Chemist: 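Sharing a structure here in structure tokens format.
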Amino acid sequence: MTRAEEIARNLAEVRARIAAAARAAGRSPDAVRLLAVSKKMPADDVRAAIAAGQRAFGENYAQELRDKAALLAADSTLPTLPAPPEWHFIGPLQSNKVKYVAGRVALMHSVDSPALLDAIEARGAPQPCLVQVNVAGEASKRGVAPGDLPALLDRFAAAAHVRCEGLMLIPPRGDARPHFAALRALRDREAAVTRPNVDLRELSMGMTEDMEVAVAEGATIVRVGTAIFGPRPTA
Ligand SMILES: Cc1ncc(COP(=O)(O)O)c(C=O)c1O
């Protein structure tokens, strides 16, 4: 099997897992989008996934995203593929790297502070975002504390360029279900508040290990790397 065939097979398996989980939860499989996490994987792997019908790709490193997107945009075979890729940023973002991401990605998943929101807004380009929430209150994890979420959403409401389209979560190790449920409950609570520029329709949660549980708990975007591309290089 070639690498491209392996990626196509893995993608089909992941799509089937997501669809089965959605049906089991009484949800339409179309209600869940698959984000292929291509972090540390070469542009050739992304091209193989696009050829297999994958559209959305998630990257954690700003320069890697910039370089991979440029490489693929310059690829003369791209027009023969089903659709151009759509890039999502899912990692921590330092303010000096905002220029590589703001206004350039379909969705920025990891807004986790007023300062980052302000830096993205200051670029002056429309940018749909999600807020990363640290529902478990882990000291080592990024994300806003649930108690700080309303103030951050109020800041979106006052912005001219950024929009908030939902919430994102990286759960602690162990059983993720209560954390997924907590994120959904937070979303439901804040969705009851009307704010300009804020429409909390997306829940970005679930990875290779727990995508089915996330779908059962209402995920609208699952971020899957290993099950599609295999283990990431450690270097
Ligand atoms: C924010 C985020 N989401 C999703 C993933 C994908 O995880 P997995 O390879 O377990 O599917 C990663 C991987 O690093 C990640 O950093």
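Predicted model only: the values in this text are computed from it and were never measured. Just so you know, ligand 1 is whichever comes first in the structure, and atom 1 is the first atom listed for that ligand.
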Chemist: With the threshold set at 4.0 Å, does a side-chain nitrogen-carboxylate oxygen contact exist between E64 and K40?
Modeler: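 No, this pair does not count.
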Chemist: For atom 3 (N) of ligand 1, which of E209, R223, R232 has the closest heavy atom?
Modeler: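 It is R223 whose heavy atom sits nearest to atom 3 (N) of ligand 1.
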Chemist: Quick check: are there more than 12 heavy atoms from other residues, nucleotides or ligands sitting under 6.0 Å from CD of E138?
Modeler: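 Above 12, so yes.
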Chemist: Tell me: protein heavy atom nearest atom 5 (C) of ligand 1, and distance?
Modeler: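 In this structure, atom 5 (C) of ligand 1 has M207 SD, 3.5 Å as its nearest protein heavy atom.
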Chemist: Considering distance alone, does some N or O of V224 sit under 3.5 Å from an N or O of ligand 1?
Modeler: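 Looking only at distances, the answer is no, because the N/O contact criterion of under 3.5 Å is not met.
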Chemist: Among side-chain atoms of D112 and S110, is any donor-acceptor pair under 3.5 angstrom?
Modeler: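 There is no such pair (donor and acceptor under 3.5 Å, judged by atom type) between the side chains of D112 and S110.
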Chemist: Within the 4.5 Å heavy-atom criterion, are E59 and H88 side-chain neighbours or not?
Modeler: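 With C-beta onward as the side chain, the pair stays apart.
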Chemist: For ligand 1, is any non-hydrogen atom under 4.0 Å from H109's backbone (N, CA, C, O), its side chain (CB onward), both, or neither?
Modeler: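 Looking at H109 and ligand 1, no heavy atom falls under 4.0 Å.
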Chemist: Check R195 with D154, please: is the shortest side-chain N to carboxylate O separation under 4.0 Å?
Modeler: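 Salt bridge present between D154 and R195.
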Chemist: Nearest protein heavy atom to atom 16 (O) of ligand 1, by residue and atom, and its distance?
Modeler: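 The protein heavy atom lying closest is N60 ND2, 2.9 Å.
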Chemist: For ligand 1, which atoms, with element, lie under 4.0 Å from some heavy atom of T226?
Modeler: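 Going through ligand 1 atom by atom, the ones under 4.0 Å from T226 are 8 (P), 9 (O), 10 (O), 11 (O).
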Chemist: Where is the nearest protein heavy atom to atom 11 (O) of ligand 1: which residue, which atom, and how far?
Modeler: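 Result for atom 11 (O) of ligand 1: T208 OG1, 2.6 Å.
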